[in-house]
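A quick write-up on the structure given underneath.
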Amino acid sequence: MEEATKEKVYNPQKIEKKWTDKWNREGIFSLKSTKNKPKYYVLEMFPYPSGEPHMGHARNYSIGDVIARVLSRKGYNILHPIGFDAFGLPAENAAIKSGKHPKESTMENIEKMRVALKRMGMSYDFGDEIITSEPDYYRWTQWLFLLLYKMGLAEKREAPVNWCGSCQTVLANEQVVRGKCERCDSPVTTKVLSQWFFKITKYAQRLLDDMDIIKEGWPERALTIQKNWIGRSEGARINFKLDGDDINIPVFTTRPDTLYGATFFILAPEHELVDKIVGEKYKKEVSKVKKIISTQSDMDRGSEDTEKIGCFTGRHVINPLNGEKIPVWVANYVLTGYGTGAIMAVPAHDTRDFEFAKKYKIPIAEVISPDGKNHEPLEESYTGEGIMINSGEFSGKESIEGKKKITEYLEEKGIGRFEVNYRIKDWLISRQRYWGAPIPIIYCDKCGAVPVPEEDLPVKLPHDVDFKPTGLSPLAYCDEFVNTSCPNCGRKAKRETDTMDTFVCSSWYFLRYCSPHDDNKAFDRKETDYWMPVDQYIGGIEHATMHLIYSRFFTKALYDANLVDFKEPFIKYFPHGVVNLGGKRMSKSRGNLVSPSEIYNTYGSDTLRLYILFMGPADAAVDWSDEGVEGASRFLNRVWRLVLSNIELIEPAKGKVREIDLKDIEKETFRKLHQTIEKVTEDMLERFNFNTAISAIMELVNLMYKNIGEIENKPLIKELTEKLLILLSPIAPFITEELWSMMGKTVSIHRIEWPEYDKDIAKEETITIVFQVNGKLRDKKEMPIGSSDEELKKQALSSERIQKFIEGKKIIKSIVVPNKLVNIVAK
RNA sequence: GCCGGAGUGGCGGAAUUGGCAGACGCGCUGGAUUCAAAAUCCAGUGGGCUGAGAAGCUCGUGUCGGUUCGACCCCGACCUUCGGCACCA
């Protein structure tokens, strides 16, 4: 143990430097111990190394650090790793501007972050750090790609995809927010390209079903976002036969009960059948309409303000229930991306179809009626449930029942079936950019797409390339990368030049942390069996439909490959709130940034951590306040002085605190200590309410200030001081370690067991009983805990103030809540 | 439009099971200390009314209504705001 400095004045810079160095030397940052203790895996979403950490990082990591530290002290073997999500666009864009290679800038930024994280006192296993852009990591990302490929879960196919013109790359659906690029906010357009997809849609139902496993540990809101994203809807698939041709066109509908009301039929303009079936006379008109629609972006077509346009194709389909001929149209509001790209249009019971039918004067047939009566002509569509009318043999049935009956009927006839449709789409993982993991595929003229053999991994990113974005991956211009030979037949072949979405790298990093140095496999089964799943995951909710859903998908695929024995990666997930400044999200472009380093360079990391946790509930958005920081710093100074002013009394104190030796004021303080231990432990671990845990510690300090002059029992002073420091140590690791060592301790405070509280000591002897008349507070009285109902009532009635208020009234009844209140109801 | 969260002093926020609304902190006011200031320590601090004072009354948790002896908390309707989904068939 270092010699304590015995400084009079709290000097955070000095002591924080001293302890950072020492913890670094002695490996005290890590909380791993032995495997015979129960394990606990605490994980915070790893950062993209953008330079120094920002306030959101500081908040995220402070929360995780407190949890890891407290649980470690409660006897758990803790895995609390850190690493860097190091591939990605910003480094590449910076390279285009400055000429500095992404690898170089990324490594520099990682070093900045590493230094800052240690400076902030985060208890990570720094020796087990991973960097996703290093070949020893992305080798395994590529290996996992090949695994999914072999499982049939990775596929290259031509499809309309989202294109960000500014980033010069395609984007996954999840990365398009309101028609704009999630990263750079520029508009996203549609392109038809051949791209690699992961078939997450195959797991749509399991992503929903397995929510049962995690629903206790995840906030409902996170699961709701995912449910909305997956977008399950139940209905029926119905085949409509094309009149005069042996072609069946399937549609998906959630309202098979309205089938009798289908008065027209719509194909999406991009539907493959359109050109095949369109009538000779209508070809000109159809191609004209198709052209207009093709100028509308998906965003426009997806807007309610856009006028519905379409035209008749000259052909009809047969309504499978009543044999009626229904005209086939094309229209902009039917999309290829959902369902089958064709719909049966029921204008009476669908607002969009109604609008379209009105415009083009198509008949509207009412088949569902709220009251069983006929309301034609309809003023507007009726989309609710009701009684089926004009529906042949189904008339008179409830529409909910009708859905089932009609589907069953169609099923019997072999022209339809129950079907579930999902809104989620396959995950597009190709990126036309340099700074990512190369997709390990080789194209051979003879053999087609051939996976790179495992032993040839990693497919290394070449170092020297021209980063200029052209819409093609920079790798495409790098001959020594592109040209290779086919692993199958040995002929000349070309490598895939697209790289993987960085979300692929982050979909399995939590597994790599279990055996980060393993050169023979992505992860060691023995280690993942022990450590996984992550017990507590912490990070921003903005990843609900991206990182979090992808990681869940990956885990399920690995489960199916029998590589892991759990179906969900994160048992508990806690989304921390954002840190704002002036009501707005902090951001460089807005120029409203407060960086953690400004704060720790001025006040110290302990103040930063204390304030960031005290600002508000950890899951709520909070607004940064410089005055608040002052307050946090003031509190630590208060603790410093409190301990130092009593340090002479503490060191020589011998013996245990015995309640019997204590006078009243000492007992009161001792009781407060145990109440504080209880509250702090519970608030931190069960409720994640660090703000109230801190306020409880403040209350204890306030009471100690008030009473300390009258406390003569030396063991009590020692006990109070020690426990206070231990309670504060996960939040403010430096100042507590310094004071601890100044008290003559030779073992780090961060290795001291977490205190237990004693129920009997914490228990109040008396409690304030509230006396009410007609529910209004009229008097209070201190009474012993556990006083009988009769005694409470007697005391209430004998109160002068109560008597005043019930004077002249009749007591109707009285309610007694033990240890709480007495309410006299009088009239 | 559908789904979900939030709304409490001048400010950030507490109130854990329907039982003292406003813990703790910031800010502010007063006092102690100081030649003075900073720092620190102590006290006060939701609004209105009554009172010389001690004290007391009363209103008060987005709005309106309801349930209850009793509602920040439960129910209904609405307003504001944030987030997810959205011509999704």
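Naming: A, B, ... by sequence-line order, numbering from 1 per chain.
Between the side chains of Ser381(A) and Asp350(A), not a single donor N or O lies within less than 3.5 Å of an accepting N or O. Asn421(A) and Arg237(A) form no side-chain donor-acceptor contact under 3.5 Å, judged by distance and modelled atom types alone. Judged by distance alone, the side chains of Glu791(A) and Gln795(A) do bring a donor and an acceptor atom under 3.5 Å apart. Under the 3.5 Å distance criterion, with hydrogens and angles disregarded, a donor-acceptor pair is assigned to the side chains of Thr766(A) and Glu782(A).
In this structure, Tyr573(A) and Gly539(A) approach most closely via the heavy-atom pair OH-O, 2.9 Å.
Taking side-chain N and O atoms only, Asn637(A) has no distance below 4.0 Å to OP1 or OP2 of U40(B). Under 4.0 angstrom from either OP1 or OP2 of A55(B) there lies no side-chain N or O belonging to Arg801(A). In this model, the phosphate group of C85(B) is not approached by any side-chain N or O of Arg232(A) to a distance below 4.0 Å at OP1 or OP2. Between Arg178(A) and C85(B) there is no side-chain polar atom (N or O) within less than 4.0 angstrom of OP1 or OP2. Dashed line: the shortest gap from a side-chain N or O of Arg687(A) to OP1 or OP2 of A15(B) is under 4.0 Å. The side chain of Lys776(A) places no N or O atom within less than 4.0 Å of a non-bridging phosphate oxygen (OP1 or OP2) of A21(B).
Of all nucleotides listed (G19(B), C24(B), C3(B)), C3(B) comes nearest to the side chain of Thr224(A). In this structure, of U58(B), C20(B), U16(B), it is C20(B) that holds the atom nearest to the side chain of Lys780(A). Nearest to the side-chain atoms of Arg221(A) among the listed nucleotides C42(B), G84(B), G4(B) stands G4(B). Picking from C26(B), G19(B), U16(B) the nucleotide with the shortest atom distance to the side chain of Arg634(A) gives C26(B). Side-chain proximity of Asn702(A) to the nucleotides G19(B), G25(B), U16(B) is greatest for G25(B). Residue Trp229(A) has its side chain nearest to C85(B) when only C85(B), G19(B), C88(B) are considered. Closest contact between the side chain of Arg641(A) and the listed nucleotides U40(B), C24(B), C20(B) involves U40(B).
Taking atom P on both nucleotides, C75(B) is separated from G18(B) by 11 Å, rounded to a whole Å. Comparing the same atom, C1', in C88(B) and in A77(B) gives a spacing of 31 Å after rounding to whole Å. Taking atom P on both C74(B) and U61(B), the two are 15 Å apart, rounded to the nearest angstrom. Straight-line distance between the P atoms of G46(B) and G10(B): roughly 10 Å, to the nearest whole Å. When the P atom is compared between A21(B) and C72(B), the two are found 9 Å apart, to the nearest whole Å. Taking atom C1' in both U8(B) and G83(B), one finds a spacing of 22 Å when rounded to whole Å. G65(B) and G60(B) have their P atoms separated by 11 Å, with the value rounded to a whole Å. Rounded to the nearest Å, the gap between the P atom of G62(B) and that of A14(B) is 14 Å.
How far CG of Leu724(A) is from CD1 of Ile677(A): 10.0 Å, rounded to the nearest 0.5 Å.
Across all strands shown, Lys227(A) has no heavy atoms under 4.0 Å from either base or sugar-phosphate atoms. Nucleic acid contact for Glu682(A): base, since at least one base atom lies under 4.0 Å from a heavy atom of the residue. Looking at heavy-atom distances under 4.0 Å, Val334(A) makes contact with a base. Contact annotation for Arg237(A): no contact, since no heavy-atom pair falls under 4.0 Å across all strands. The residue Gly631(A) sits close only to the backbone: its heavy atoms come under 4.0 Å of sugar-phosphate atoms, none of a base. Using a 4.0 Å heavy-atom criterion, one finds that Asn823(A) contacts the bases of the nucleic acid, with or without backbone contacts as well. Across all strands shown, Asp623(A) has no heavy atoms under 4.0 Å from either base or sugar-phosphate atoms. At the heavy-atom level, Phe771(A) lies nowhere under 4.0 Å from the strands shown. The residue Pro617(A) sits close only to the backbone: its heavy atoms come under 4.0 Å of sugar-phosphate atoms, none of a base. Backbone-only contact: Ala621(A) has heavy atoms under 4.0 Å from sugar-phosphate atoms and none from a base. Among the heavy atoms of the strands lying under 4.0 Å from Arg778(A) are primed sugar atoms or P, OP1, OP2 only; no base atom is included. Within 4.0 Å (heavy atoms only), Asp353(A) reaches no atom of the nucleic acid at all.
Of the charged side-chain nitrogens involved, none lies within less than 4.0 Å of a carboxylate oxygen, so that Glu682(A) and Arg687(A) do not count as a salt-bridged pair. Between Glu234(A) and Lys403(A) no salt bridge is recorded (no basic side-chain N to carboxylate O distance below 4.0 Å).
Per the geometry, CE belonging to Met698(A) stands 6 Å off C1' belonging to G25(B), to the nearest Å. Atom-to-atom, OH of Tyr705(A) to P of C24(B) comes out at 16 Å; the value is rounded to the nearest Å. Taking atom CG on Asn228(A) and atom P on A86(B), their separation rounds to 9 Å, with Å as the unit. Distance, Met615(A) CE to C11(B) C1': 13 Å, rounded to whole Å. For the pair Asn774(A) CG and U68(B) P, the computed distance is 15 Å after rounding to whole Å. Rounded to whole Å, the distance from CZ on Arg255(A) to C1' on A89(B) is 11 Å. When rounded to the nearest whole Å, the span between CG of Leu548(A) and P of G84(B) equals 14 Å. Atom CD in Glu686(A) sits roughly 12 Å away from atom P in U17(B) (whole-Å rounding).
Ranked by how close their nearest RNA chain B nucleotide is to the 5' end, Thr768(A) and Thr254(A) are led by Thr768(A). Along RNA chain B, the nucleotide nearest to Tyr611(A) and the one nearest to Phe614(A) differ in position, and the one closer to the 5' end is contacted by Tyr611(A).
Across all strands shown, the partner of U80(B) is A6(B), judged by Watson-Crick or G-U wobble contacts whose two distances both fall under 3.5 Å. As the counterpart of G65(B), C75(B) is assigned, both hydrogen-bonding distances of the Watson-Crick or G-U wobble pattern falling under 3.5 Å. Across all strands shown, G70(B) has no partner, as no Watson-Crick or G-U wobble contact with both distances under 3.5 Å is found. Remark: C20(B) base-pairs with no nucleotide; criterion is Watson-Crick or G-U wobble with both hydrogen-bond distances under 3.5 Å. C28(B) is paired with G44(B) under the criterion used here, namely a Watson-Crick or G-U wobble arrangement in which both key atom distances are under 3.5 Å. Under the Watson-Crick or G-U wobble criterion, with both distances below 3.5 Å, A38(B) has no partner in any strand shown.
When each of Ile802(A), Ile824(A), Leu797(A) is tested with Phe771(A) by the rule side-chain contact (heavy atoms from CB on, under 4.5 Å), just one qualifies, namely Ile802(A).
Residue Gln772(A) places a side-chain atom within donor-acceptor reach of the base of G19(B), judged by atom type and a 3.5 Å distance cut-off alone. With hydrogens and angles ignored, no donor-acceptor pair under 3.5 angstrom links the side chain of Lys813(A) to the base of C69(B).
Remark: Arg352(A) is not positioned above the aromatic ring of Tyr333(A), lacking an NZ or CZ atom under 6.0 angstrom from the ring centre and at most 45 degrees off the axis.
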